[in-house]
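Take a look at the structure below.
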Amino acid sequence: MAELLERKRITVRVNGREVEDEVEVRTTLADWLREGLGLTGTHLGCEHGVCGACTVLVDGQAVRSCLMLAVQADGTEVRTVEGLAGPEGQLHPVQQAFLEHHALQCGFCTPGFLMTAVAFLEENPEPDEPSIREALSGNICRCTGYQPIVEAVADAAGRLRAPARAAG
Amino acid sequence: MKPPRFAYAAPESLEEALELLKEHGSEAKVLAGGQSLMPMLNLRLLKPAILVDINRLPGRDRIDEAEGMLRVGLLVRHRQAERSPLVRQSLPLLAEAVRQIGHPQIRNRGTLCGSVAHADPAAELPAVLAALGGQVVLRSAGGRRVLPADQFFLGFLTTALEPEEVVEELRLPVAPPRTGAAFLEFSRRAGDFALVGVAAQLAFDAAGRIAAAGLALTGVGGTPFKAASAEALLRGQAPSARLFAEAAERVREEVDPEADIHASAEYRRHLAQVLTRRALEAAWRRAGLEAA
Ligand SMILES: Cc1cc2nc3c(=O)[nH]c(=O)nc-3n(C[C@H](O)[C@H](O)[C@H](O)COP(=O)(O)OP(=O)(O)OC[C@H]3O[C@@H](n4cnc5c(N)ncnc54)[C@H](O)[C@@H]3O)c2cc1C
Ligand code: FES
Ligand code: FES
């Protein structure tokens with residue numbers, strides 16, 4: 001019969017690096033990333049699934065890291081906002097577009113929006129505005145009024161397509 | 001650290017999971033997508049001694065069709081159903097309902113069986129099951145039983161599910177030819193749980209009359225409201241805007257919603273009427289028989 005555990009060893013690829021750790025089973029993925037690994041770019045707003053600030057990618061899919069246990073991420077590949085910029089610190093095209101469109105003010109919601117947008121654009125390289133709005137509907141921003149965020153994502157879609165076009 | 005202390009098991013076979021549930025009964029909780037359970041743990045509304053995580057069960061994420069029924073497996077996630085060509089083709093009502101559940105991040109994790117097991121009165125899928133006369137397959141170490149929707153949903157977050165059982169599968173009758181369907185809902189913010197939702201499916205006979213009507217609502221009671229008398233009123237009739245308005249009026253008279261912080265009872269009743277009429281009209285339009 002499957003063992004009942006209070007602590008468990010996990011191995012997770014986080015932003016391309018393999019990490020091994022032992023966690024208490026009730027630790028959420030968000031808390032493990034923040035407190036276990038010091039990746040405090042993943043923000044916690046509500047901690048019950050409604051604000052989207054904690055969005056990370058697990059095996060390429062955007063999920064709420066406050067609604068997943070760290071033990072459930074065992075064996076997966078996790079991407080957080082810290083994994084977006086290049087090795088020399090050059091911003092990811094979605095980050096660059098957020099910067100240029102003033103798509104952040106206080107920045108609290110930004111990591112969640114960025115990760116949501118990155119997953120969305122990987123699946124939908126040519127989105128229209130209504131589908132951008134629907135993709136972002138699970139993320140709350142108290143500052144910007146959303147308009148610049150929607151514009152940044154539309155612009156980022158173009159930037160991400162451009163190198164592909166140039167290459168072929 | 002938000003969730004209370006618990007012991008955790010992630011069995012790799014359904015048999016093992018069922019053994020754990022049998023042994024620990026109401027001490028244990030099944031963890032599926034976690035999109036309803038994790039918020040309750042984080043808010044400490046629940047303190048189960050044991051969590052049985054079913055996410056590692058192999059081969060349980062299938063959607064297939066057999067004997068006129070679409071069968072949705074234990075671990076099928078909302079996102080998967082939303083994208084499934086089979087669902088879109090065999091049961092457009094389900095495809096449209098699933099798209100309206102929460103947000104993309106929620107749909108990436110949440111499961112259809114979990115949503116049915118949880119039985120939120122505002123949830124889309126219980127209403128789809130009720131409208132279509134779907135079935136819920138329950139499985140325990142002792143065996144399997146199959147319940148029709150109206151015997152499964154018993155009240156606010158309350159179902160016929162026993163502590164040692166899991167929802168193993170949902171079964172929904174495939175839409176017959178000459179069918180149109182619509183799932184319409186009204187919520188204050190896109191992606192939120194809706195105030196009221198309507199699942200409607202109309203099947204037409206060769207003469208263009210309504211051969212069968214399935215109609216159920218969310219948000220007007222503790223369980224999905226099966227609009228049986230409106231369905232009876234529609235059956236055998238030629239479709240018309242007037243007929244649909246009459247059916248919607250019938251729904252308005254028969255629902256008995258309660259007021260809460262989100263909406264007054266009167267407002268919910270109004271939404272029930274308006275959305276029923278619009279859903280029936282959309283179902284008719286989508287069946288593509290208007291010109292006939
Ligand atoms: C912000 C937000 C918005 C949402 N909006 C909506 C919405 O608009 N409409 C909607 O319908 N839902 C909505 N949800 C909830 C979502 O659909 C959940 O996915 C669903 O209610 C539960 O499915 P789950 O797989 O996540 O189950 P879990 O959260 O894992 O479990 C929920 C409950 O069901 C039990 N359970 C789960 N699976 C089984 C099973 N197979 N057998 C027996 N018991 C089981 C668990 O023990 C638990 O008690 C929302 C959630 C969030 C966080
Ligand atoms: S912190 Fe996870 S959704 Fe708000
Ligand atoms: S920038 Fe402040 S919450 Fe979005």
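Please read these numbers as outputs of a predicted model, since none were measured by experiment. Quick note on labels: first sequence line is chain A, next is B, and so on, each numbered from 1.
Dense packing is recorded around CD of A:Gln147, with more than 12 heavy atoms of other residues, nucleotides or ligands lying under 6.0 Å away. No more than 12 heavy atoms of other residues, nucleotides or ligands shown are found within 6.0 angstrom of CZ on A:Arg142. For NZ of A:Lys8, the number of neighbouring non-hydrogen atoms (other residues, nucleotides, ligands) closer than 6.0 Å is greater than 12. Counted within 6.0 Å of CD on B:Glu27, heavy atoms from surrounding residues, nucleotides or ligands total 12 or fewer; the atom is thus considered open.
How far NE2 of A:His48 is from CG of B:Leu41: 13.5 Å, rounded to the nearest 0.5 Å. The structure places CD of A:Gln61 at 7.5 Å from CZ of B:Arg79, a figure rounded to the nearest 0.5 Å. Note that CZ of A:Arg64 and CD1 of B:Ile106 are 4.0 Å apart. Values are rounded to the nearest 0.5 Å. In this structure, A:Leu4 CG and B:Phe6 CZ are separated by 11.5 Å, a value rounded to the nearest 0.5 Å. To the nearest 0.5 angstrom, B:Arg109 atom CZ is 4.0 Å from A:Met68 atom CE. Here the CG atom belonging to A:Asn139 is positioned 5.0 Å from the CD atom belonging to B:Gln105, to the nearest 0.5 angstrom.
Residue contact with chain A, scored on non-hydrogen atoms closer than 4.5 Å, involves the side chain of B:Leu51 exclusively. Contact of A:Asp74 with chain B is made through backbone and side chain together, with heavy-atom distances under 4.5 Å. Proximity to chain A is limited to the side chain of B:Asn55, based on heavy atoms less than 4.5 angstrom apart.
When side chains are defined from C-beta on, A:Thr28 counts as touching B:Asn42, because their heavy atoms get closer than 4.5 Å. By the 4.5 Å heavy-atom criterion applied to side chains, A:Leu69 and B:Met38 are counted as neighbours. Contact of the A:Glu24 side chain with the B:Tyr8 side chain is not registered, since no non-hydrogen atoms from C-beta on lie closer than 4.5 Å.
Salt bridge status for A:Glu134 with B:Arg99: absent, with no side-chain N to carboxylate O gap under 4.0 Å. At a threshold of 4.0 Å, the pair B:Arg5-A:Glu6 does not count as salt-bridged, since none of the basic side-chain nitrogens sits closer than that to a carboxylate oxygen.
In this structure, B:Asn108 and A:Ala62 approach most closely via the heavy-atom pair ND2-O, 2.8 Å. Heavy atoms only, all atoms of each residue included: A:Glu3 and B:Ala9 are closest at O-CB, 3.4 Å.
When the candidates B:Arg56, B:His24, B:Arg107, B:Glu12 are compared by the number of heavy-atom contacts under 4.5 Å with chain A, B:Arg56 comes out ahead. Most heavy-atom pairs under 4.5 Å with chain B, from the set A:Ala135, A:Ser137, A:Cys66: that is A:Ser137. Counting heavy-atom pairs closer than 4.5 Å to chain B, the top residue among A:Val71, A:Thr116, A:Thr55 is A:Val71. Ranked by heavy-atom pairs shorter than 4.5 Å toward chain A, the options B:Arg83, B:Met40, B:Glu15, B:Arg189 are led by B:Arg83.
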